[in-house]
Asker: 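Structure below; questions to follow.
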Amino acid sequence: MLGGTADAEDMLQETYLRWQGASVIEIQNPRAFLVTVLTRLCINQLQSARAKREQYFGQWLPEPLLTAPAADLPRIPGIDGSLSMAFLTLLERLSPTERAVFLLREVFDYEYNEIAGMVTKSEANCRQIFRRAKQHITESRPRFEVSQQQRERLLQQFVDTSLNGNVQELLALLAKDVVLYTDGGGKATAVPNPIYGAEAVARFFVGGRKKLLPAGITRRFAEINGQPGVIAYHNGRVFGVLSLEVADGTVQNIYIVRNPDKLARLPQLPSAPC
């Protein structure tokens, strides 16, 4: 719902406090009570956050979530496409209520009569909200799913080609209408506006990118929001995170997060990286 770990934890804490303060009469169905409280808190949080994001410097992207950092650490269960950077970015196009209805129905499979009570709308209204939200999401999502192996292979090719500086090879990996989004939040160097088109994006990674990167960058592949990604380190500290949206064998969208506030929860570079 919120696109950030700190906000999610705050909402969980507030839900717990309300659970602790509620009477037995109020809690006839514990699960329904908790989901309803949490949903309404998230809607309120998004409504207040919307004004802040309108004043946000440059492109706002969700916080990168490390879901499988290394083979020796357990993978977070239940991670799927609903946490991908691409999907979370699409959710930003929905209103808070649309987002809640869509997620409760599409991801968590609640019935419309249950959702209606959670968002204080009629069942018929929830059906309309879901249909409208799903149309917005479907129009912007790839028609065909891509395997994890294909994503990993294309990411590796993308990184190798970018470092080699071969524009033609890089163009072969990019969709013609590819878009690059970078989020610095006004606290780190980033491109404030999206870059559109394969040629412009290729020029950025082959030439312009060097102006934004200091010497001595170390890269490590990791699973970001359930998808293959790259964490860049400088002097052992997280410098940025890159992830791709892949469809039809090409890179459709590129997401780079540089805002240090959104990178603070990522682990620092181990003393002996892979």
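Values in this document were obtained by computation on a predicted structure and should not be read as measured data.
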Asker: To the nearest 0.5 angstrom, please state how far the CD atom of Gln59 sits from the CG atom of Asn259.
Answerer: 12.5 Å
Asker: Do you know which two heavy atoms are closest between Ala172 and Thr250, and how far apart they sit?
Answerer: O-CG2, 4.5 Å
Asker: Quickly, which of Arg265, Glu63, Lys262 forms a side-chain hydrogen bond (donor to acceptor under 3.5 Å, both in side chains) with Thr5? Name it, please.
Answerer: Glu63
Asker: Is any side-chain heavy atom of Ser162 closer than 4.5 Å to one of Leu170?
Answerer: yes
Asker: For the residue pair Leu91 and Phe102, establish whether any side-chain heavy-atom pair is separated by less than 4.5 Å.
Answerer: yes
Asker: Compare all side-chain heavy atoms of Leu34 with those of Trp19 and state whether any distance is below 4.5 angstrom.
Answerer: yes
Asker: For the side chain of Asn225 and the backbone of Leu65, is there at least one donor-acceptor N/O pair under 3.5 Å apart?
Answerer: yes
Asker: Quick one: which of Gln149, Glu152, Gln150, Arg153 gives a side chain to side chain contact (heavy atoms under 4.5 Å, CB included) with Pro228?
Answerer: Glu152
Asker: Hey, is the main chain of Ala232 close enough, under 3.5 Å, to the side chain of Arg219 for a donor-acceptor pair?
Answerer: no
Asker: Is there a side-chain contact between Leu66 and Ile231 (heavy atoms, below 4.5 Å)?
Answerer: yes
Asker: Is it the case that the side chain of Arg40 and the backbone of Met118 share a donor-acceptor pair, with hydrogens and angles ignored and the cut-off at 3.5 Å?
Answerer: yes
Asker: Under the rule for salt bridge (Lys or Arg N to Asp or Glu O under 4.0 Å), what residues qualify as partners of Arg105, not counting sequence neighbours?
Answerer: Glu111
Asker: Sequence neighbours excluded, which residues qualify as ring pair (Phe, Tyr, Trp, His ring centres under 6.0 Å) partners of Tyr110?
Answerer: none
Asker: Evaluate the side-chain proximity of Leu174 to Phe158: yes if any heavy-atom separation is below 4.5 Å, no if none is.
Answerer: yes
Asker: If you draw a 6.0 Å radius around CD in Gln20, do more than 12 non-hydrogen atoms from other residues or ligands fall strictly inside?
Answerer: yes
Asker: Determine yes or no for a side-chain-to-main-chain donor-acceptor pair under 3.5 angstrom, with Asn235 supplying the side chain and Arg237 the backbone.
Answerer: no
Asker: Is the Lys NZ or Arg CZ of Arg258 less than 6.0 Å from the centre of Phe239's six-membered ring, within 45° of the axis?
Answerer: yes
Asker: Is there a donor-acceptor pair closer than 3.5 Å between any side-chain N or O of Glu245 and the backbone N or O of Val251?
Answerer: no
Asker: Treating Ile, Leu, Val, Met, Phe, Trp and Tyr as nodes and any side-chain heavy-atom pair under 4.5 angstrom as an edge, say whether Leu41 and Ile27 lie in one connected cluster.
Answerer: yes
Asker: Under 3.5 Å, is there a donor-acceptor pair between the side chain of Gln13 and the main chain of Asp10?
Answerer: no
Asker: Can you tell me how far apart CD1 (Ile224) and CG (Leu83) are? Round to the nearest 0.5 Å.
Answerer: 12.0 Å
Asker: Rounded to the nearest 0.5 Å, what separates atom NZ in Lys187 from atom CG in Asp261?
Answerer: 3.5 Å
Asker: Given side chains that start at C-beta, do those of Tyr255 and Leu242 come closer than 4.5 Å, heavy atoms only?
Answerer: no
Asker: So, the side chain of Asn164 versus the backbone of Asp160: is there a donor-acceptor pair under 3.5 Å, distance only?
Answerer: yes
Asker: Is Val178 close to Asn253 at the side-chain level, that is, under 4.5 Å between some pair of heavy atoms?
Answerer: no
Asker: Could you tell me whether the side chain of His234 and the main chain of Ala215 form a donor-acceptor pair under 3.5 Å?
Answerer: yes
Asker: If you take all heavy atoms of Arg18 and Phe33, which pair is closest and at what distance?
Answerer: O-CZ, 4.0 Å
Asker: So, taking the atom named CG in Leu12 and the one named CD in Glu9, what distance separates them when rounded to the nearest 0.5 Å?
Answerer: 7.5 Å
Asker: To the nearest 0.5 Å, what is the distance between CD on Gln227 and CE on Met85?
Answerer: 10.0 Å
Asker: Looking at Ala116, is its backbone amide N or carbonyl O close enough to the side chain of Glu123 to form a donor-acceptor pair, meaning the two atoms are under 3.5 Å apart?
Answerer: no
Asker: Mind checking whether Leu2 and Gln45 have side chains closer than 4.5 Å, heavy atoms only?
Answerer: yes
